[in-house]
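Below is one structure, written out as structure tokens, with a few remarks after it.
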Amino acid sequence: MFGPVDDLVYGRYFCQDKVVVLKNKNALQCRPCYQKFKFKGCDYDKACLREIGVEEVFEAAKRLIAKAK
């Protein structure tokens, strides 16, 4: 799950077929706020992470498990 970091920088470049990237579909303009290896805080109470729903994570996990079979 990607909140403050950029999934294109810290993402799935090693095992692309074994990774699902989850990020807020309504991403805030401030994302990614983790820059130059520093997190300067968040004016939005980390909404980019909080808005990734439990059901979305669960469905992604099921897809990964199905691929592994």
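The first residue in the sequence is number 1, and the count goes up from there. Side chains included, hydrogens not; waters and symmetry mates left out as well; all remaining heavy atoms used.
Atom NZ of Lys46 and atom CZ of Phe39 lie 5.0 Å apart (nearest 0.5 Å).
Closest of all the heavy-atom pairs between Ile52 and Leu22 is CD1-O, 3.7 Å. Between Glu56 and Lys23, the shortest heavy-atom contact is OE2-O, 4.3 Å.
Side-chain contact between Arg50 and Tyr44 is absent, with no heavy-atom pair separated by less than 4.5 Å.
Shown here are the side chain to side chain donor-acceptor pair (under 3.5 Å) partners of Lys62, two or more places apart in sequence or in another chain: Glu59.
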